[in-house]
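Sequence lines set the chain letters: A, B, ... in the order given, protein chains first and strands last, and positions in each chain run from 1.
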There are 2 protein chains.
Amino acid sequence: MSQRQVDAERKPASGSGRPGKNGDGAERHEAIHRSISDAIIEHRLKPGARLREDALSEVFGISRTGIRKILQRLALEQLVTLTPRRGASVTRPTAEEAKDVFDARQMVECGLMPEVARRITAADLERLRDMEREERQALKAGEQSSAIKLSAAFHGELARLSGNATLAAFVEQLCSRSSLILAVYGNAGHLGCESHDHDALLRHLEQGDGERARAFMSRHLKAIEASLSIHEPEDESPDLYEIFSG
Amino acid sequence: MSQRQVDAERKPASGSGRPGKNGDGAERHEAIHRSISDAIIEHRLKPGARLREDALSEVFGISRTGIRKILQRLALEQLVTLTPRRGASVTRPTAEEAKDVFDARQMVECGLMPEVARRITAADLERLRDMEREERQALKAGEQSSAIKLSAAFHGELARLSGNATLAAFVEQLCSRSSLILAVYGNAGHLGCESHDHDALLRHLEQGDGERARAFMSRHLKAIEASLSIHEPEDESPDLYEIFSG
DNA sequence: CGGGGAAAAAGCGTATACAATGGGCGGAAG
DNA sequence: CTTCCGCCCATTGTATACGCTTTTTCCCCG
């Protein structure tokens, strides 16, 4: 019916922008993946939201085959949950998963700080300061969505500076999941990362003080985790015996 | 022994083989994934080996669609490399990737040891000892393939005892990639893990000495990495300018 | 008026068909 | 004899069609 179609990435007059015919598929898939991924990270798609294949294929103008591929990838990145015959939905992290993710971040991101402090260059610092500034501006403008995404990007970029691509990719994934966790357990109005924290962290890195950066990152992550209100989700199968036997 | 079901005889040449016939597909896909995964980890499929889709689809008796799905998952796990229009091949890790993987293992596996030491139970110890025994037997019997797989499984199981599913999955992936790295850079006759190491590690864990277990794991991993002969692979695109301008 | 069952509809899983691209091989020319 | 160019085939990328399962809605009966 409605023929709304979203160009995940507008390419200016480079070949035909027609979805049916040409167009390099790999890039397009990548763009669609990022598009959905961003929507999830920015909380424009909330945990539990169902992602029907037909709808997505219509929106992005490709067939269900491509959508399925992207959905599978998102599932492996733990951003969507694929239940066997009920399709895809945005993952709703459990309290346990939340703890695991933050413990993992604690271990990996903190462990990376000394190496980052050793390798960081002036250009890197400048880029990170730009990102931090952008994040703060978004926050001030009330655009929580952008701020969340930028914060995750900041942490990811930091990890990439360690030079270890494997760990950087892992951190990036953890940050995406953290964004999901914030969507479920975060208190409104209290965004995960305080901008001042990022600024202070950069100062420690600038001074090459890896140990202090590590300690600060540890506190930073602990603060985020502590700001969560971990309420067990509505118990799907309450233990009636326990409830009524008391 | 994993259930390998290569139903090659499942060719529906007769009309009875309706395409809609729906046995439980999820389990089958899982089994095929494990089958290919094991073959790679056990070095029965060597790095660089090409994995053609229709060949696989014929071998496993499912259509290319399912094979593609599995191949994509393997690609995200970094076990196979998917080059855009040339299909899939077993990943040939670069020296840099090898370093990244071992650095990551150093950070995560060692970092996990204290928690593992805290949580390990007698039953866990027994199971791990069984695994270690099996591994040693395989090694003694000259079945390097099995030994490699069992060694990876040992490390993975250990990580799982930390209670952190996210980190455990990551470690498992790293171990798989390590197996690939051994295939490329390992010296013949010198398997990655010495069985005695695993035994000693278990003793430390049994005593609840997390710090010693961590230190031991660190040495263990360093030993494996040191046993590799990292030779840059034949340079695919030699820099002719550099060669001839000097 | 509420609950349960049946039928229809909607959505997912799988296979197959078709198109496009890249590589391999052969022929021709230098 | 070697090298380059062009054509054909092999193999992947994408779409579509079809069956099956699950869910939802509606109607009938209690």
Side-chain angles (χ1 to χ4, degrees), chain A residues 1-3 5 7-8 15-33 36 48-76 80-91 236, chain B residues 5 7-33 36 48-76 80-91 236-237:
Chain A
M1 301 295 234
S2 68
Q3 275 224 330
Q5 188 168 305
D7 281 320
S16 64
R18 240 173 49 211
K21 255 307 188 346
N22 193 8
D24 195 75
E27 285 181 17
R28 167 154 278 247
H29 279 187
E30 195 67 27
I32 295 173
H33 176 271
I36 300 178
R50 295 191 49 177
L51 304 171
R52 278 177 300 128
E53 296 177 355
D54 289 350
L56 289 174
S57 68
E58 197 166 330
V59 167
F60 289 106
I62 65 174
S63 78
R64 272 181 54 218
T65 309
I67 292 294
R68 287 179 66 82
K69 191 167 111 179
I70 294 167
L71 247 28
Q72 304 238 342
R73 181 168 159 196
L74 287 167
L76 258 62
V80 313
T81 302
L82 240 46
T83 61
R85 281 174 202 243
R86 309 215 359 215
S89 58
V90 178
T91 297
E236 322 250 338
Chain B
Q5 37 196 10
D7 291 347
E9 69 276 9
R10 211 166 178 279
K11 287 272 291 186
S14 64
S16 68
R18 297 297 297 164
K21 183 160 186 296
N22 214 2
D24 196 309
E27 287 181 15
R28 167 161 285 242
H29 279 190
E30 196 67 27
I32 295 174
H33 176 271
I36 300 179
R50 293 187 54 175
L51 304 171
R52 276 176 303 138
E53 294 178 355
D54 44 2
L56 289 173
S57 69
E58 196 167 329
V59 167
F60 290 106
I62 66 174
S63 79
R64 273 181 50 217
T65 309
I67 292 295
R68 286 179 69 81
K69 191 166 109 182
I70 294 167
L71 246 28
Q72 305 240 341
R73 180 167 161 200
L74 287 167
L76 258 62
V80 312
T81 302
L82 240 47
T83 61
R85 278 171 193 98
R86 309 220 356 219
S89 57
V90 178
T91 298
E236 325 248 339
S237 60

Strictly under 3.5 Å: I want the nitrogen or oxygen pairs between protein and nucleotides 7-11 of chain D, one per line.
residue : atom : partner : partner atom : Å
D:dT11  : OP1  : B:Arg52 : NH1          : 3.1

Inset, instruction - Compute whether any side-chain donor of one residue and acceptor of the other, for B:Ser63 and B:Ser57, lie under 3.5 angstrom apart. - result: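 Per modelled atom types, B:Ser63 and B:Ser57 side chains form no pair under 3.5 Å.
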Rounding to a whole Å, what distance do you find between [X]:[atom1] and [N]:[atom2]?
X: B:Arg28; N: C:dT14; atom1: CZ; atom2: P; value: 11 Å
X: B:Ile70; N: C:dA15; atom1: CD1; atom2: P; value: 10 Å
X: A:Glu30; N: D:dG13; atom1: CD; atom2: C1'; value: 16 Å
X: A:Lys69; N: C:dT14; atom1: NZ; atom2: P; value: 17 Å
X: B:Gln72; N: D:dG13; atom1: CD; atom2: C1'; value: 11 Å
X: A:Ile67; N: C:dG11; atom1: CD1; atom2: P; value: 15 Å
X: A:Glu58; N: C:dC12; atom1: CD; atom2: P; value: 13 Å
X: A:Leu56; N: C:dG11; atom1: CG; atom2: P; value: 12 Å

Legend entry - Phosphate-side-chain proximity, A:Arg68 and C:dG13, N/O vs OP1/OP2 below 4.0 Å: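 Yes, within the criterion.
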Legend entry - Polar side-chain contact A:Arg64-C:dG11 base: donor and acceptor under 3.5 Å: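 Absent.
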Inset, instruction - For A:Arg73, enumerate each residue passing the salt bridge (charged side-chain N to carboxylate O under 4.0 Å, His left out) test, keeping only those at least two apart in sequence or located in another chain. - result: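 Partners of A:Arg73 by the salt bridge (charged side-chain N to carboxylate O under 4.0 Å, His left out) criterion, ordered by chain and then number, come out as A:Glu30, A:Glu77.
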Legend entry - Listed partners of A:Asp54 passing salt bridge (charged side-chain N to carboxylate O under 4.0 Å, His left out), at least two apart: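 Applying salt bridge (charged side-chain N to carboxylate O under 4.0 Å, His left out) to A:Asp54 gives A:Arg64.
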Inset, instruction - Report yes or no: does A:Arg28 contribute a side-chain atom to a donor-acceptor pair with the main-chain N or O of A:Phe60 at less than 3.5 Å? - result: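 Yes.
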Legend entry - B:Ser89: side chain to side chain donor-acceptor pair (under 3.5 Å) partners, not counting sequence neighbours: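 In terms of side chain to side chain donor-acceptor pair (under 3.5 Å), with neighbours along the sequence ignored, B:Ser89 is linked to no residue.
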Inset, instruction - For residues A:Ile62 and A:His29, determine if any side-chain heavy atom of one lies less than 4.5 Å from a side-chain heavy atom of the other. - result: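 Touching, per the 4.5 Å side-chain cut-off.
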